[in-house]
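Heads up: the structure comes next, in structure tokens.
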Amino acid sequence: MKKRDLISIEDLSNQEIDELFQVADNMLARDRGAGGPKACSGRIMATLFYEPSTRTRLSFESAMQRLGGTVISCPDMKSSSTAKGESIADTARVVSSYADVLVVRHYWDGAVQAMAEYAEVPVINAGDGSHEHPTQTLCDLYTLRKEKGDLKGLTVVICGDLKHGRTIHSLVYALARFGAHVITLAANGMELPQYVIEKLEREYHYSLAPVASDDLHAVVRETDAIYLTPSQPHQLALFTQVDAEIQQRLSKMASGIKFDAFYVTRKQKERIEEGSEGGNGSYPRIGRDFLKERRFKDTVVMHPLPRVDELSQEVDKDRRGIYFKQAAYGVPIRMALLKFLFDSLDKAKSRAGQKKAPLYESPEPIGPRCANANCVTRTENISTRPRFEVLFTGPGGALILKCFYCDHQLKVQYMGHTRSRKYCPYDIALGDTVREWLQHGELAIFDSIKQAEELGYEPYKSGPQRSIMDEAEMREALCRMSEEILKESKDPERLLILGIRTKGTYLAKRIAEELEKRSQKRIEVGEIEIYGAGDDLRSLSPLEGGPSSPSVKDRGVILVDDVIHTGMTVKNAMSIIFKSGRPQSVRLAVLVDRGHREMPVKPNYVGKHIPSSEKERVRVKLREVEQDERDKVVIYSIVSPENSHQRSAPSSNPKADN
Amino acid sequence: MQSDEIQRTISRMAHEIVEKNGGTANLALVGIRSKGAHLVRRIAGKIKNLNGVAPPVGIIDITPYRDDIEKGGKIAEPRPMEVPVSVDDKTVVLVDDVIYRGRTIRAALDLMGQLGKPRRILVAILVDRGERELPIKADILGKNVRVGDSQRVNVLLQESDGVDQVTVTEDWQRK
């Protein structure tokens with residue numbers, strides 16, 4: 001069955017929103033008691049709320065019942081099946097056999113998208129983390145339209161906490177789509193996030209200007225207002241230094257603005273610590289001063305509710321306070337939406353198909369992951385596959401991956417070509433090549449060089465190799481390190497030598513042999529597997545033929561790797577060790593320390609210190625891995641001399657050399 | 001360590017942080033509860049005095065991540081920072097009063113990994129008492145102190161104890 005979901009306000013076109021509003025008008029016109037046509041008769045709606053809600057859930061349930069349908073509800077999902085560890089995918093599959101539409105609220109960004117992918121029936125997002133809340137936005141737009149007519153050209157002032165609210169971000173985009181002007185009046189430290197403003201500039205050609213309006217002082221004293229508007233008619237965008245003349249023009253401009261609506265929001269207390277930075281200063285308040293101001297005589301006041309003290313009770317009785325009406329519209333709007341989704345069954349395109357750009361998914365078993373810690377892909381790896389929109393328009397020509405689930409952006413550092421198995425850092429000059437690889441599904445993107453190397457990729461360009469350690473030196477170094485380890489170990493039998501796969505494992509075995517020879521005791525060896533920064537593909541395992549998974553509890557662990565560079569690998573390895581138990585101690589032995597640490601780790605035993613440049617790679621070659629090779633350590637540059645100067649020259653096209 | 005010395009040490013640490021980061025751009029300070037939370041605010045204040053820009057400050061509590069407390073098989077849910085700052089692409093400086101076995105910092109590193117993708121993590125500590133059990137180092141260090149296993153290093157700060165002082169006591173004298 002083909003179905004439509006509503007995950008983001010972007011899932012509906014402007015025309016569809018207009019149609020929805022017409023249906024809502026009909027729903028509203030219908031008398032409460034009257035029967036009327038029962039569009040949803042015989043259908044069941046399930047509401048799954050992983051986060052508490054009163055308004056949204058009740059208005060959905062009311063809407064469904066008004067349409068003649070019935071409701072099954074689980075208002076507290078967190079304490080039910082998820083507590084037993086059920087995945088989002090399984091919940092979606094199971095519940096969609098009980099109901100005809102799912103209404104979901106979740107605490108993770110993008111979780112409702114994940115649910116929609118597995119549900120057989122339409123899914124409606126009733127708020128996911130700090131990502132989106134599209135039905136609230138529909139209500140807001142509908143209310144504005146009822147009060148003010150056409151949305152185009154309206155000026156809406158949004159004030160309060162613009163940083164934390166999921167409703168605000170959806171609303172701003174939607175207003176931009178319909179061509180409204182937006183004035184932001186943020187409480188100190190709660191400004192609209194930069195990425196929201198960037199999106200307005202990029203996709204809707206909005207420009208912004210600070211406005212100094214004395215009238216707004218009735219609401220807020222400390223903050224400057226920012227005026228966001230479709231790029232005409234002025235060129236006042238982005239002033240950093242405001243001199244007297246411009247100041248005058250700005251206030252003149254401000255005096256010409258007609259304020260159509262104030263959208264007030266609550267301070268999201270649960271996400272801010274008392275007395276911290278960002279929580280100080282005055283919070284915009286609507287009260288007596290506002291009501292008295294002549295400039296605001298036709299300005300309506302909206303609020304998504306619940307309110308705390310930013311909206312005075314005095315406004316309730318005033319005709320301009322329309323927030324209870326706004327809340328009441330929640331039912332007809334949701335009725336219209338339910339009807340719309342049921343009507344579009346079997347004629348709909350899937351959401352992924354609607355996205356303009358093709359989605360990128362790593363062709364390799366491991367790949368980039370979303371940078372947002374609250375994104376559903378970070379925790380639910382059974383139900384989600386990290387997928388991204390690829391944007392070539394990042395600042396400074398950066399290549400950006402935008403998470404399909406939560407819309408967070410990630411800058412691409414390293415990329416590779418799946419057929420030639422070569423990797424290189426991303427550079428703006430490679431844009432066309434990347435497009436081509438992407439089209440053919442040959443583009444691999446990596447979080448780190450380590451990840452690329454684990455997958456068997458070679459650097460695309462490399463300078464001449466220089467040997468810095470030979471077979472004899474390596475043997476000597478390992479002997480010395482083993483001796484030091486033994487000297488500092490009171491109880492060699494409690495030692496556990498853990499190699500980091502793959503080369504660390506071979507070195508761990510060699511060190512263990514050496515230790516056994518010296519101490520005449522059996523030394524246990526294990527292995528840790530780490531793929532770049534991918535948290536999910538890590539494991540602690542015994543060596544082949546060894547006993548079952550080694551226990552780290554109260555052991556003296558010696559962690560072994562070939563080269564230490566940023567220290568990220570060691571940090572991840574420690575994370576794995578501590579997840580499986582509490583060792584008595586962890587010591588770190590590396591053959592080569594090449595500097596450039598990004599993590600606060602320090603090896604206890606080092607074979608050789610090799611100060612190296614960032615552009616160089618140090619590579620340990622071992623007889624166990626490389627055939628017909630002797631043990632040695634080599635160093636080479638990954639940027640060849642001619643390439644580093646003329647990046648844009650044709651020769652820098654990696655494909656030309658393959 | 002007495003009040004004056006502590007003040008000077010904190011100033012020096014603030015200098016070193018700015019130096020190691022090559023300025024104040026993309027810097028975020030994260031204090032570890034409870035003493036680190038006071039220290040981090042002071043360091044941020046000093047950096048503001050030096051450079052005019054106060055770096056963002058976050059406070060974390062790593063108690064649920066401590067490996068020396070039996071977890072009963074449960075995985076701790078990531079606990080948000082109390083003063084949220086974005087750590088993505090930032091140089092994050094973890095601030096604490098004393099470093100000893102290295103277990104607190106290791107737990108903090110885990111937590112940072114769950115909160116985002118810092119570009120680099122530095123560790124700033126007022127007192128290093130040595131005897132590490134994990135391969136962790138302090139990048140910015142106030143003072144090294146050699147003390148025995150049975151002794152205890154107490155960092156007293158104006159904000160919580162009414163006085164700035166570092167003392168070493170026998171464990172049984174624990175206040």
Side-chain angles (χ1 to χ4, degrees), chain A residues 107 163-164 189 193-194 270-279 369-374 378-379 408-411 413 447 533 535 556-559 564 566-568 570-579 581-590 596-605, chain B residues 20 37 41 44 54-59 65-71 75-78 80-89 91-94 99 101-103 105-125 131-140:
Chain A
Y107 41 86
K163 186 176 168 187
H164 300 101
Q194 192 58 33
E270 61 273 27
R271 311 193 204 188
I272 308 156
E273 192 196 22
E274 279 305 314
S276 67
E277 289 175 72
R369 64 172 190 160
C370 182
N372 172 11
N374 196 43
R378 293 279 290 259
T379 359
H408 269 248
Q409 302 189 349
L410 177 77
K411 205 169 120 191
Q413 306 282 357
D447 277 336
D535 275 331
V557 173
I558 308 287
L559 196 59
I564 184 164
T566 63
M568 185 61 92
V570 173
K571 185 215 119 184
N572 288 340
M574 274 202 281
S575 207
I576 301 173
I577 293 173
F578 276 82
K579 267 178 198 156
R582 182 180 190 266
Q584 193 257 318
S585 67
V586 178
R587 281 172 281 164
L588 175 63
V590 294
H596 303 290
R597 211 77 79 238
E598 287 169 9
M599 289 289 142
V601 296
K602 186 183 170 191
N604 304 69
Y605 314 103
Chain B
K20 285 223 154 87
R41 293 213 170 94
V57 166
I59 309 289
Y65 301 88
R66 289 279 290 272
D67 55 75
D68 45 5
I69 297 166
E70 277 300 322
K71 277 187 253 165
I75 301 163
E77 261 187 59
M81 254 193 273
E82 287 173 29
V83 184
V85 295
S86 163
V87 297
D88 292 342
D89 280 325
T91 296
V92 173
V93 184
L94 292 171
I99 187 165
R101 306 201 149 97
R103 292 182 188 259
I105 298 297
R106 191 214 57 86
L109 290 180
D110 253 11
L111 177 57
M112 282 300 118
Q114 284 171 310
L115 292 176
K117 272 191 174 177
R119 195 176 61 79
R120 188 177 173 202
I121 298 180
L122 295 172
V123 170
I125 303 278
E131 300 293 316
R132 213 80 77 240
E133 287 175 356
L134 301 177
I136 300 272
K137 65 159 193 235
D139 302 274
I140 296 126

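Values below: every heavy atom of this structure, side chains too, minus hydrogens, waters and symmetry copies. Throughout, protein chains are lettered first and strands after them, A, B, ... in sequence-line order, and every chain is numbered starting at 1.
To the nearest 0.5 Å, the span separating OG1 on T379(A) from CG on N374(A) amounts to 7.5 Å.
Among all heavy-atom pairs drawn from P118(B) and M112(B), the shortest one is CD-O, 4.3 Å. Between K137(B) and D139(B), the shortest heavy-atom distance links the atoms CE-OD1, 3.2 Å.
Heavy atoms of L559(A) lying under 4.5 Å from chain B are absent altogether. Residue contact with chain A, scored on non-hydrogen atoms closer than 4.5 Å, involves the backbone of R119(B) exclusively.
Between chain B and the residues P600(A), P603(A), G567(A), G556(A), the largest count of heavy-atom pairs under 4.5 Å involves P600(A).
Q413(A) meets the side-chain hydrogen bond (donor to acceptor under 3.5 Å, both in side chains) test with no other residue; sequence neighbours excluded.
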